[in-house]
Amino acid sequence: MEKIRTLRGFRDILGEELGKFRDIEEAFRKYSTRLGFRQIELPILEKTELFVRTIGDATDIVEKEMFTFIDAGGDSLSMRPEATAGMVRSYLQEGLYATERLTKVCTIGPMFRHERPQKGRYREFHQIDVEVFGVKEPLIDAELIFMIRMFLDELDISRYHIEVNSVGCKTCRESFRGILLEFFATRKSELCEDCLRRLEKNPLRIFDCKNQQCIRVTADSPLLFNSLCDECRDHFDLFQKYVTGFGIKIEVNKRLVRGLDYYTKTVFEITSDDLGAQKAFMAGGRYDDLVEEMGGPATAGIGFAVGVERLAMLMPQKTEEPVRECFFACIGDRAHDYLILLLKACSSEGIPLKYSYEAKSLKAQMRYADNLKCDLVLILGDDEIEKNIVTLRDMTGKNQEELPLNIDHIISVLKNRLSP
RNA sequence: GCGGCAGUAGCUCAAUGGCGGAGCAUCGGAUUGUGGUUCCGAGGGUUGCGGGUUCAAAUCCCGUCUGUCGCCCCA
């Protein structure tokens with residue numbers, strides 16, 4: 001029989017990693033609540049069209065990375081590859097723009113992209129997603145960076161870089177596109193194959209290329225950052241001023257671009273040198289045109305996503321505080337009847353129940369108790385019942401004592417001994 | 001989607017063309033009721049899967065799946 005295992009790039013999350021996930025979620029809740037964000041649960045499956053229209057039909061995500069299928073009704077559906085699209089849909093569908101001046105929302109959950117798995121990249125992965133609708137002032141851009149900073153501090157993560165840039169608005173980007181194409185008209189031959197493709201599809205991404213030759217060419221190239229319109233320039237300057245005001249050090253990376261079509265003005269990435277090739281573990285930016293493009297009122301937007309798996313990889317190993325527990329060892333039928341009464345009473349007192357389901361030898365039960373790292377073993381045998389006692393053994397030493405066979409008394413002793 | 005490396009017991013790994021093993025872990029036993037250290041023993045495998053070469057394949061070849069690292073791209 002062939003063993004069934006998870007799909008490629010899909011994983012079980014358990015043990016220490018799951019603990020980190022829980023800690024990440026808890027730390028995130030703390031600061032998102034503090035800054036007025038509320039949580040939304042979004043569907044994992046949406047109409048394919050939603051992602052095509054928001055993320056952009058020329059992006060890799062939409063072109064080749066979505067889990068897409070046709071359902072029984074003939075609709076094309078896709079597993080969400082990111083959360084912003086769903087957030088925008090929800091913002092419009094739920095009419096939030098009409099009931100509040102600004103909207104701060106967040107969500108956490110699995111995302112799906114059909115990519116080749118590698119370190120820190122899976123087909124099912126988890127993101128925390130944060131979005132703000134209705135604020136165009138750069139103070140909110142800075143507040144998000146501030147929130148990220150507090151969140152990472154809470155998780156004891158200190159080795160990271162905050163890289164920021166501005167990709168401008170529609171106007172400055174359009175005029176820069178002309179400048180860029182003009183520059184590359186004479187130097188196309190020096191670019192790698194991938195960059196020639198980028199030149200057609202998304203010229204800004206050329207600045208992202210890791211090829212040495214391309215880096216040399218783009219070093220001479222004009223930068224979008226230097227062609228920003230006055231409004232975008234002012235917006236970015238204020239953003240930098242506010243972030244500095246929050247006491248946070250950022251690095252302006254004029255070559256930083258994003259792979260999704262909807263970004264405008266501020267973009268940022270939080271990167272770590274401890275992650276291998278996939279070094280960005282948080283990223284986001286502003287998308288001031290997206291809501292209107294999706295059929296809503298003109299509404300500024302900004303948000304970011306946290307790659308939970310990547311963040312978990314950066315977290316220091318936690319030394320788990322051991323929980324003190326008692327094992328109930330039992331020999332004989334009469335003792336077993338008493339054990340059940342004792343278990344019932346212990347359970348309602350919040351004492352964890354560890355015991356053997358099989359009638360094993362005391363030696364085997366002791367071994368099991370040791371294996372479970374129990375600090376105490378309560379030995380309950382027919383001999384004890386006969387004498388109206390129970391034996392309580394301290395597993396850290398070798399001491400044991402006899403207690404009267406009285407449930408209330410046993411419970412009070414256990415509660416006393418098990419408290420840290 | 002493309003490339004490099006890898007896949008043997010639950011885990012870490014030996015066996016390099018000639019009988020598939022060890023350590024750890026699990027389970028049992030060592031005066032019928034006392035764990036950890038020690039000693040003895042047991043279970044556990046279609047060597048990822050499929051094909052090929054060979055008298056003979058874990059080992060060589062081809063394919064495939066999965067993992068891993070990188071590319072593209074992204075959190």
Side-chain angles (χ1 to χ4, degrees), chain A residues 1-11 24 55 58-66 80-84 108-130 192-195 197-198 201-202 205 208-211 257-260 268-272 275-285 303-314 327 329-332 335 356 358-384 386 391-400:
Chain A
M1 189 72 82
E2 194 186 335
K3 280 185 197 161
I4 296 178
R5 42 163 304 133
T6 52
L7 299 171
R8 172 167 237 192
F10 286 67
R11 308 178 311 133
I24 288 169
I55 298 167
T59 57
D60 278 34
I61 291 182
V62 167
E63 273 184 351
K64 56 182 194 185
E65 291 174 1
M66 288 206 294
R80 60 183 186 189
E82 55 107 57
T84 303
I108 178 165
M111 308 292 157
F112 303 85
R113 291 184 200 171
H114 196 279
E115 299 178 277
R116 186 80 178 262
Q118 78 188 66
K119 189 183 178 76
R121 184 170 72 194
Y122 306 101
R123 289 184 174 183
E124 181 187 36
F125 61 103
H126 295 77
Q127 281 189 345
I128 291 171
D129 188 75
V130 173
C192 72
E193 208 175 298
D194 288 329
C195 279
R197 212 184 59 237
R198 291 184 181 115
K201 219 170 80 173
N202 187 351
R205 291 215 66 87
D208 229 9
C209 189
K210 293 174 189 87
N211 183 304
V257 292
R258 313 273 326 129
L260 281 60
F268 55 88
E269 278 186 7
I270 319 298
T271 59
S272 167
L275 282 176
Q278 313 301 323
K279 67 193 188 106
F281 62 97
M282 302 171 83
F304 68 89
V306 180
V308 178
E309 282 81 355
R310 291 183 189 177
L311 183 55
M313 287 194 290
L314 296 174
F327 186 90
C330 181
I331 314 120
S356 171
E358 301 164 78
K360 292 188 167 198
S361 70
L362 183 60
K363 178 205 274 280
Q365 293 188 61
M366 292 299 286
R367 212 163 13 212
Y368 185 35
D370 187 59
N371 178 279
L372 292 173
K373 300 189 170 36
C374 291
D375 299 278
L376 297 172
V377 175
L378 193 77
I379 300 169
L380 195 60
D382 285 347
D383 292 358
E384 276 86 354
E386 199 69 45
T391 303
L392 183 64
R393 183 176 177 85
D394 181 346
M395 295 293 274
T396 53
K398 263 189 189 286
N399 308 325
Q400 60 187 44

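The sequence lines fix the lettering, A, B, ..., with proteins before strands; numbering per chain opens at 1. Heavy-atom basis, side chains included; hydrogens, waters and symmetry copies ignored.
Taking side-chain N and O atoms only, A/R121 has no distance below 4.0 Å to OP1 or OP2 of B/C73. A sub-4.0 Å separation between OP1 or OP2 of B/G35 and a side-chain N or O of A/N371 is absent. Not one side-chain nitrogen or oxygen of A/Q127 sits closer than 4.0 Å to the OP1 or OP2 atom of B/A75. Between A/R116 and B/U68 there is no side-chain polar atom (N or O) within less than 4.0 angstrom of OP1 or OP2. The side chain of A/K373 contributes no N or O atom lying less than 4.0 Å from OP1 or OP2 of B/G36.
Here A/E384 lies in heavy-atom contact (under 4.0 Å) with a base. Base engagement by A/G397 is indicated by at least one non-hydrogen atom pair under 4.0 Å involving a base atom.
Closest to the side chain of A/R367, from the set B/G36, B/C73, B/G33, is B/G36. Nearest nucleotide to the A/Q400 side chain, out of B/G33, B/U34, B/G70: B/U34.
Put simply, A/Y368 does not rest on the base of B/G35: the two rings are not both less than 5.5 Å apart at their centres and under 30° in tilt.
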Quiz item: Where do A/M66 and A/H114 land on the side chain to side chain contact (heavy atoms under 4.5 Å, CB included) test, with the steps shown first?
Solution: CA-CA 6 Å; A/M66 288 206 294; A/H114 196 279; over 6 Å; no
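A distance of 6.0 Å or more separates the ring centres of A/Y122 and A/F10.
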